[in-house]
Amino acid sequence: MTIVRLGFVAMSVNLKNCSPSQTMTYAQFQRLKDREAAIEKLGRISASNLENCLRIIKHNAGHDIQFFRFSSKLIPLANHPEIKDFNYLRTLREPLHELGNWVSKTKMRVDFHPDHFVLLNSPKPEILNTSLRTLSMHEALLRGMNVPHEHRCVIHVGGAYNDKEKALEQFIHNWGFVPVKIQNMLMLENDDTTFTLQDTLYLCEKLAVPLVFDYHHHLANHEKDSNWSRHWDRVAASWDHSSLPVKMHISSPRSERDFNAHAEFVDPELFMSFLSEIKGSVPQIDCMIEAKQKDDALFQLMEQMCSFPEVEKIDGASFLLK
DNA sequence: CCAAGTCAAGTCAGA
DNA sequence: TCTGACTTGACTTGG
């Protein structure tokens, strides 16, 4: 028996005027003559993003959805090197607290997935530093919400830099410069062009980091004759020391031609074929749906899953695999 | 009012 | 060595 929970990413297509990712570019910021007013505006946009994020959390709770990925754009320009005087943690103390209270009250599993510019394996110190700044911002937001930081932030391995083996070793080298708190916050995901499941497992086992298996990425990028299920026990084992259930990503190719892009919805057959292979191997698995139609893709999959005989609905977006 | 263009970041393929 | 595609949603600008 395995419990399966579904989650979705960042925003709801059902809630109107509810973007958690409103923004201000640095170019816009600079155009404002009054710096103090510009920083106040950053605060107002951030507060509105957090308020909208809270609306989404409540919407989730109302639909028994217990898994959600925060937008990484909650705080515009949060780690811009020229705007160090924007003390967003202090400015947003209250709304962060409230958001965190609701997360804890609704027992929502929340995490982050910073964009692909966070590159811990970069050979350039300045890019590593920028990446660490971005990760610190994510850690600070979790702290502001009183959400335990452990295993709340998933990233990719990074660039290949013309030599994949060397790039993997560079990751291990750079890991030594990553503060322990940030190390503990991270999970690693196999990607769709460079680092396969096996590459990522190598790092996860070496560095004791949980692996987030992306099934779609695996289909797009794997070794010859690679059968993911042969490695599944290792994936599950990477979560042995986590207080959180195993996490994975699911999405479907947009088309054969545009294989790596995410489709509007998730193909239930593809998803179920995955689930039947891992059934019983772990007590619980949380599946993050990465589809263009966000929560609507989740709602559709929820409906479709009920038609499979081995699936029993617990409530909302939680199921039992028999 | 809608469509097209811009913004941010780093990598990588191709010129 | 440089340029543009890649990706994403929000936002601005042009018609």
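Chain letters run A, B, ... following the sequence lines, proteins first, then strands; residues in each count from 1.
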Exercise for review: Determine whether the side chains of A:Glu189 and A:His113 contain a donor N or O and an acceptor N or O closer than 3.5 Å.
Suggested key: yes

Exercise for review: Could you label the plane-to-plane angle of the A:His59 and A:Phe299 rings as parallel, tilted or perpendicular, counting under 30° as parallel and over 60° as perpendicular?
Suggested key: perpendicular

Practice item. Fit a plane to each ring of A:Phe213 and A:Tyr215, take the angle between them on a 0 to 90° scale, and name the class: parallel (under 30°), tilted (30 to 60°) or perpendicular (over 60°). Key: tilted

Practice item. Considering only atom P, compute the distance from C:dG4 to B:dT6 and round it to an integer number of Å. Key: 12 Å

Revision key, fill the gap. Between CG of A:Leu120 and C1' of B:dA9 the distance, given in whole Å, is 15 Å

Point to revise | N or O in side chain of A:Lys292 less than 4.0 angstrom from C:dG9 OP1/OP2 | key: yes

Practice item. Output the single nucleotide from B:dT11, C:dC11, B:dC12 whose closest atom is nearest the side chain of A:Ser122. Key: B:dT11

Check your understanding: Counting side-chain heavy atoms from CB outward, which of B:dG10, C:dT8, C:dG9 is closest to A:Arg254?
Key -> C:dT8

Study note, to complete from the structure: Rounded to whole Å, CZ of A:Phe117 lies from C1' of C:dC6 at a distance of 9 Å

Exercise for review: Return the nearest nucleotide to the side chain of A:Lys294; candidates are B:dA9, C:dA10, C:dG9.
Suggested key: C:dG9

Review point. Given pairs defined as Watson-Crick or G-U wobble with both distances under 3.5 Å, what dot-bracket annotation applies to DNA chain C, with ( ) intrastrand, [ ] crossing, | other strand and . unpaired?
Key: ||||||.||||||||

Check your understanding: Could you go step by step and tell me if A:Gln284 and A:Thr2 meet the side-chain hydrogen bond (donor to acceptor under 3.5 Å, both in side chains) rule?
Key -> CA-CA 5 Å; A:Gln284 180 170 340; A:Thr2 296; over 6 Å; no

Review point. Within this structure, what is the CG-to-P distance between A:Leu119 and C:dC6, rounded to whole angstrom?
Key: 19 Å

Check your understanding: Between C:dC11 and A:Gln28, is there an OP1 or OP2 to side-chain N/O distance shorter than 4.0 Å?
Key -> no

Exercise for review: Using whole Å, report how far CG of A:Asp192 lies from P of C:dC6.
Suggested key: 13 Å

Check your understanding: Do A:Asn190 and A:Asn221 meet the criterion of a side-chain donor-acceptor pair at a distance under 3.5 Å?
Key -> no

Exercise for review: Take the protein atom CD of A:Glu290 and the nucleotide atom C1' of C:dT8, then report the distance between them rounded to whole Å.
Suggested key: 13 Å

**Study point:** Gap between atoms NE2 and P, on A:His156 and B:dT11 respectively (whole Å)
**Key:** 14 Å

Check your understanding: Do A:Lys247's NZ or CZ and the ring of A:Trp239 fall within the cation-pi criteria of under 6.0 Å and 45°?
Key -> no

Practice item. May I ask you to say what A:Ala10 touches in the nucleic acid, namely base, sugar-phosphate or nothing, with a heavy-atom cut-off under 4.0 Å? Key: nothing

Check your understanding: A:Ser19 near the nucleic acid: base, sugar-phosphate alone, or nothing, with a heavy-atom cut-off under 4.0 Å?
Key -> sugar-phosphate

Check your understanding: Any idea how A:Phe177 and A:His173 line up, ring-wise: parallel (<30°), tilted (30 to 60°), or perpendicular (>60°)?
Key -> perpendicular

**Study point:** Rounded C1' spacing from C:dC6 to B:dA3 in Å
**Key:** 22 Å

Review point. In whole angstrom, what separates A:Asn162's CG from B:dG10's P?
Key: 18 Å

Check your understanding: Under 30°, 30 to 60°, or over 60°: which ring-plane class applies to A:His156 and A:His217, parallel, tilted or perpendicular?
Key -> tilted

Check your understanding: Considering only side-chain heavy atoms of A:Ile127, which listed nucleotide, C:dA10, B:dC12, B:dG10, is closest?
Key -> B:dG10

Exercise for review: Look at the side-chain N and O atoms of A:Tyr161 and state whether any lies under 4.0 Å from the OP1 or OP2 oxygen of B:dT11.
Suggested key: yes

Point to revise | Gap between atoms CD1 and P, on A:Ile56 and C:dG9 respectively (whole Å) | key: 13 Å

